[in-house]
Novice: 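Structure provided below as structure tokens; questions to follow.
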Amino acid sequence: MQTEQYDAVVCGGGPAGVAAAIAAARHGAHTLIIEQTGAFGGLGTQGLVPCFAPFSWRKDHLLIRGIGWEIVERLRSISGAGDGAWIHTDPEKLKLLFDRMLSESGVIPALFTTLTGAEVADGAIASATAYTKSGARTLRAKAFIDCTGDADLAHLAGCPTEKGDSDGRMQAASLCFVLAGVDVKAFEAFRESIGGGLAFRQFIHDSATAGKLHDSDRYQHLASAVCPREESGLIYFNYGHLYDIDGTDDDSLTQAMMLGRELVHDFVSFARSDIPGMANAVLMASGTLPGIRETRRIVGDFVLEESAFTQGRTHDDDIALYDYPVDLHDTSHRTDDSSATNPFLVGGVREIASKITYGIPYRTLLPKGVNNLLVAGRCISSDRPIQGSARVMPACFATGQAAGTAAAMRSHTGEGLAEIDVEKLRETLLADGAYLTERDQ
Ligand SMILES: Cc1cc2nc3c(=O)[nH]c(=O)nc-3n(C[C@H](O)[C@H](O)[C@H](O)COP(=O)(O)OP(=O)(O)OC[C@H]3O[C@@H](n4cnc5c(N)ncnc54)[C@H](O)[C@@H]3O)c2cc1C
């Protein structure tokens, strides 16, 4: 078994992992990033999630900047991102951009490399183990960064985590997909004629109730987001709810993919016969990763709570500011009202988000029990509701950048990650383009 030594090892190459690795390498850390699939980008590429959430809910003031916004600008420069507040993305261009940015920064990339174990000694991760086609790799690092989305490394290292609600139930998962061969203009005209996006969601719900689409105990047709690309005749769908899926359980993940494909093909048959503009639609691709919204969250000394959002709370050690609403999808099938399946659509949280900003403190990246591990992305130390905000990609870029920067600082000074000079970290983030000044509430 090979044993390798790095300054920073990033586990998981989604939005958080890519930003973490780039930040660490740009600050001089000898950095490895491992990713279990064949491309970087996580749900933004392999999951076919079709757009970045707003980088600020209030259109006049960008909150997430730094590496996240650099990604947007560079993606736009290769015609891979749209101009709206919800930034439509081209997953293939995003894969290419991430490859290029990681290479330019000097990060060592390792695709098809799966984290499988961790050895802990004296309050630190002594090594992590990864599976590859060429055999097992033993990875040692001054700092590890867990960006698996599921807090896999924290869990393997014995750090405390929580999962789902008090009954362990998690938000519904979705298998995103893309249709080709759509007459987008005709579809758009139809959607407008019935009243727009929410009315289209109701149309899908009514069609399922009428038996034209087939819901089951385990899944439900639901058009969460429909992103048409008129110029190419493609429509990206963040569609359907898959219930009782646990993204940390391999049987459950298998079910998610198989149920998801049933749901998607059922929709495509229906779309070809019943949705104007879709008569010639073909399923071009469905995600190679299931759209998992929620699994483990680390429980650090500090847990970010929903009240930070509702009260617009900031903290001395904030490494990002954000305002995306609390976006929690249901945990089980509801038949009453299509809009109720995601209270985000109807709740007052949107109104709050248009007025306040909350801070994400450095302490949310610090798990308990080991002193050389940071966590970034959707599994930071938070309660469930605020995870429903901090899980979207702009926030993951920001927590990733902060974790990578902190890891590089540690690799230079050798101190524990909880002991680093947070003011210096904030200054470095500011110098690297992040935005940390509280705006007017
Ligand atoms: C259906 C759906 C729709 C969404 N819509 C939007 C949206 O419109 N806009 C938005 O901004 N956000 C959206 N989100 C949220 C967002 O996409 C995710 O929360 C975000 O991608 C999380 O980033 P991450 O880097 O933490 O994790 P992920 O994107 O999940 O990336 C984790 C990466 O780690 C890898 N990995 C996992 N375990 C291991 C391991 N053991 N070894 C090696 N590699 C591993 C995975 O393969 C993956 O590449 C959506 C999420 C879902 C599920």
Side-chain angles (χ1 to χ4, degrees), residues 9-21 33-55 64 68 72 85-89 91 94-95 98 110-118 128-132 139 145-156 170-177 222 224-227 236-242 245 247-248 250 253 256 260 287-297 322 324 327 329 342 344 375-380 387-400 403:
V9 168
V10 179
C11 299
V18 168
I33 183 168
I34 67 168
E35 163 58 41
Q36 66 180 350
T37 71
F40 296 106
L43 290 181
T45 58
Q46 302 288 56
L48 288 181
V49 169
C51 57
F52 295 150
F55 280 59
I64 304 288
V72 172
W86 287 86
I87 301 169
H88 287 193
T89 53
L94 192 53
K95 286 180 194 170
F98 284 156
L111 294 171
F112 301 115
T113 303
T114 305
L115 171 77
T116 53
T129 318
Y131 169 81
T132 77
L139 310 171
I145 309 177
D146 183 344
C147 297
T148 58
D150 301 317
D152 280 0
L153 182 52
H155 177 69
L156 288 165
M170 287 164 269
Q171 295 181 63
S174 304
L175 184 63
C176 296
F177 61 94
L222 180 78
S224 286
V226 178
C227 302
Y236 287 80
F237 284 85
N238 165 1
Y239 183 94
H241 270 177
L242 308 168
I245 300 296
T248 63
D250 53 350
L253 282 167
T288 49
L289 280 176
I292 302 293
R293 294 184 169 86
E294 174 185 17
T295 52
R296 299 186 193 101
R297 309 179 306 275
Y322 204 31
Y324 183 74
D327 180 358
H329 290 237
N342 176 2
F344 166 70
V375 171
R378 70 177 156 87
C379 45
I380 60 172
Q387 191 269 355
S389 166
R391 72 187 174 86
V392 294
M393 289 188 269
C396 293
F397 289 135
T399 54

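Counting starts at 1 for both ligands and their atoms, in listed order.
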Novice: Keeping the roles fixed (side chain from Glu294, backbone from Met170), state whether a donor-acceptor pair exists under 3.5 Å.
Specialist: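 Flag not set: sc Glu294 to bb Met170 has no pair under 3.5 Å.
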Novice: Would Thr113 count as a contact of ligand 1 if the rule is a heavy atom under 4.0 Å away?
Specialist: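 Yes, Thr113 has heavy atoms under 4.0 Å from ligand 1.
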Novice: If we only count N/O pairs under 3.5 Å, is Gly291 in contact with ligand 1?
Specialist: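 No, Gly291 has no N/O under 3.5 Å of an N/O on ligand 1.
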Novice: Quick one: does Pro15 get within less than 4.0 Å of ligand 1, heavy atoms only?
Specialist: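 Pro15: in contact with ligand 1 (<4.0 Å).
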Novice: Any heavy-atom pair between the side chains of Leu115 and Asp146 that's under 4.5 Å?
Specialist: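 Heavy-atom side-chain distance check fails, nothing below 4.5 Å.
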Novice: Pick whichever of Gly44, Cys147, Gly42, Gly12 has a heavy atom sitting closest to atom 32 (C) of ligand 1.
Specialist: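 Considering heavy atoms of Gly44, Cys147, Gly42, Gly12, the nearest to atom 32 (C) of ligand 1 sits in Cys147.
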Novice: Identify, by atom number and element, the atoms of ligand 1 in contact range of Gly14, meaning under 4.0 Å from any of its heavy atoms.
Specialist: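 In order of numbering, the contacting atoms are 25 (O), 31 (O), 33 (C), 49 (O).
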Novice: Is Pro15 close to Phe52 at the side-chain level, that is, under 4.5 Å between some pair of heavy atoms?
Specialist: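 Result no, sub-4.5 Å side-chain heavy-atom pair not found.
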Novice: State, to 0.1 Å, how close Ala390 and Cys396 come at their nearest heavy-atom pair, and which atoms those are.
Specialist: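 For Ala390 and Cys396, the tightest heavy-atom pair comes out as O-SG, 4.0 Å.
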Novice: From the options Arg391, Gln171, His329, select the one whose nearest heavy atom is closest to atom 16 (C) of ligand 1.
Specialist: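 It is Arg391 whose heavy atom sits nearest to atom 16 (C) of ligand 1.
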Novice: Pro394 and Ala53: which non-hydrogen atoms are nearest, and at how many Å?
Specialist: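 Closest approach of Pro394 to Ala53, heavy atoms only: CG-O, 3.1 Å.
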Novice: Side chain of Thr129, backbone of Thr116: donor and acceptor closer than 3.5 Å?
Specialist: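 Side chain of Thr129 to backbone of Thr116, a donor-acceptor pair under 3.5 Å: no, none is there.
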Novice: Under a 3.5 Å distance rule, please check whether Thr89 uses its side chain to pair with a backbone N or O of Pro50 as donor and acceptor.
Specialist: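 Yes, because the side chain of Thr89 sits within donor-acceptor range (under 3.5 Å) of the backbone of Pro50.
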Novice: Heavy atoms only, cut-off 4.0 Å: how does Cys379 contact ligand 1, side chain, backbone, both, or neither?
Specialist: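 Contact part for Cys379 vs ligand 1: neither.
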Novice: Would you call the rings of Phe237 and Phe177 parallel, tilted or perpendicular, where under 30° means parallel and over 60° means perpendicular?
Specialist: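 Rings of Phe237 and Phe177: parallel, as their planes differ by under 30°.
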Novice: Within a distance under 4.0 Å of any heavy atom of Ala53, pick out the atoms of ligand 1 and give their elements.
Specialist: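 Matching atoms, with element in brackets: 9 (N), 10 (C), 11 (O).
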Novice: When you measure from atom 29 (O) of ligand 1 to every protein heavy atom, which one gives the shortest distance, and what is it?
Specialist: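 For this ligand atom, the closest protein heavy atom is Leu43 N, 3.0 Å.
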Novice: Main chain of Cys176, side chain of Ser174: is a donor-acceptor contact present, judged purely on distance under 3.5 Å?
Specialist: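 Side chain of Ser174 to backbone of Cys176: no pair is present.
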Novice: Cys11 and side chain to side chain contact (heavy atoms under 4.5 Å, CB included): which partner among Leu156, Ile34, Ile145?
Specialist: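 Only one of Leu156, Ile34, Ile145 forms a side chain to side chain contact (heavy atoms under 4.5 Å, CB included) with Cys11, namely Ile34.
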Novice: Considering only NZ, NE, NH1 and NH2 on the basic side and carboxylate oxygens on the acidic side, decide whether Asp327 and Arg391 come within less than 4.0 Å.
Specialist: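 A salt bridge is present here (some side-chain N lies under 4.0 Å from a carboxylate O).
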Novice: Run the numbers for me: atoms of ligand 1, each under 4.0 Å from some heavy atom of Pro394, listed by number.
Specialist: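 This gives 11 (O) as the contact atoms.
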Novice: Using a 4.0 Å heavy-atom threshold (strictly under), name the region of Cys396 that reaches ligand 1: side chain, backbone, both or neither.
Specialist: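 Just the side chain.
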Novice: Note the single closest protein heavy atom to atom 36 (N) of ligand 1, along with its residue, its atom name and the distance in Å.
Specialist: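 The answer is Gln36 NE2, 3.6 Å.
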Novice: Quick one: does Gly13 get within less than 4.0 Å of ligand 1, heavy atoms only?
Specialist: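 Yes, that is the case, since the closest heavy atom of the residue is under 4.0 Å from the ligand.
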Novice: Just by distance, do the side chain of Gln46 and the backbone of Thr288 share a donor-acceptor pair under 3.5 Å?
Specialist: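 Between the backbone of Thr288 and the side chain of Gln46 there is no qualifying donor-acceptor contact (under 3.5 Å).
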Novice: Report the part of Val392 in contact with ligand 1, treating N, CA, C, O as backbone and CB onward as side chain, heavy atoms under 4.0 Å; options are side chain, backbone, both, neither.
Specialist: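 Near ligand 1, Val392 shows its backbone as well as its side chain.
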Novice: Between Thr116 and ligand 1, which part of the residue brings a heavy atom under 4.0 Å of the ligand: side chain, backbone, both or neither?
Specialist: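 The answer is neither.
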Novice: Which residue and atom name correspond to the protein heavy atom nearest atom 27 (O) of ligand 1, and how close is it?
Specialist: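 Checked against all protein heavy atoms, atom 27 (O) of ligand 1 sits closest to Gly149 CA, 4.0 Å.
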Novice: Give me the one residue out of Thr148, Asp152, Asp150 that meets side chain to side chain donor-acceptor pair (under 3.5 Å) with Arg296.
Specialist: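 Only match with Arg296 under side chain to side chain donor-acceptor pair (under 3.5 Å): Asp152.
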Novice: If you have a sec, work out which protein heavy atom is nearest atom 42 (N) of ligand 1 and how many Å separate them, to one decimal?
Specialist: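 Scanning the protein heavy atoms, the shortest distance from atom 42 (N) of ligand 1 goes to Leu115 N, 2.9 Å.
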Novice: Determine the minimum heavy-atom distance between Leu48 and Gly287, stating which atoms define it.
Specialist: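 Result for this residue pair: CD1-N, 3.6 Å.
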Novice: Give the residue, atom name and distance (to 0.1 Å) of the protein heavy atom nearest atom 25 (O) of ligand 1.
Specialist: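 Residue, atom and distance for the closest contact: Ala16 N, 3.0 Å.
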Novice: How does Asp152 reach ligand 1, if at all, at less than 4.0 Å between non-hydrogen atoms: by side chain, backbone, both, or neither?
Specialist: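 Answer for Asp152: side chain.
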Novice: With only distance considered, is Arg378 within less than 3.5 Å of ligand 1 through an N or O on each side?
Specialist: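 N/O-N/O distance under 3.5 Å: yes.
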Novice: Number the atoms of ligand 1 from 1 as they appear, then name those within less than 4.0 Å of a heavy atom of Gly377, with their elements.
Specialist: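 Those of ligand 1 that fall under 4.0 Å from Gly377 are 26 (O).
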Novice: Can you pull out the closest protein heavy atom to atom 35 (C) of ligand 1? Residue, atom name and distance to 0.1 Å, please.
Specialist: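 Closest protein heavy atom to atom 35 (C) of ligand 1: Glu35 OE1, 3.2 Å.
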Novice: Mark up the atoms of ligand 1 that fall under 4.0 Å of a heavy atom belonging to Asn238, in ascending order.
Specialist: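 Here the atoms of ligand 1 in question are 1 (C), 3 (C), 4 (C), 5 (N).
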Novice: Nearest to atom 9 (N) of ligand 1, what protein heavy atom do you find, and at what distance?
Specialist: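 The protein heavy atom lying closest is Cys51 O, 2.8 Å.
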Novice: Checking a contact table here: which protein heavy atom is nearest atom 5 (N) of ligand 1, and how many Å away?
Specialist: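 It is Val49 CG1, 3.3 Å.
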Novice: Within the 4.0 Å heavy-atom shell around Ile292, which atoms of ligand 1 are there?
Specialist: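 Near Ile292, the atoms of ligand 1 are 53 (C).
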Novice: Any atoms of ligand 1 less than 4.0 Å from a non-hydrogen atom of Thr37? List them with their elements.
Specialist: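 Every atom of ligand 1 under 4.0 Å from some heavy atom of Thr37: 47 (O).
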Novice: Please work out which of the three classes, parallel, tilted or perpendicular, describes the rings of Tyr322 and Tyr324, given edges at 30° and 60°.
Specialist: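 If you compare the ring of Tyr324 with that of Tyr322, the planes turn out parallel.
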Novice: Tell me which one of Thr114, Thr113, Leu111 satisfies side chain to side chain contact (heavy atoms under 4.5 Å, CB included) with Thr132.
Specialist: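 The single option meeting the side chain to side chain contact (heavy atoms under 4.5 Å, CB included) with Thr132 is Thr113.
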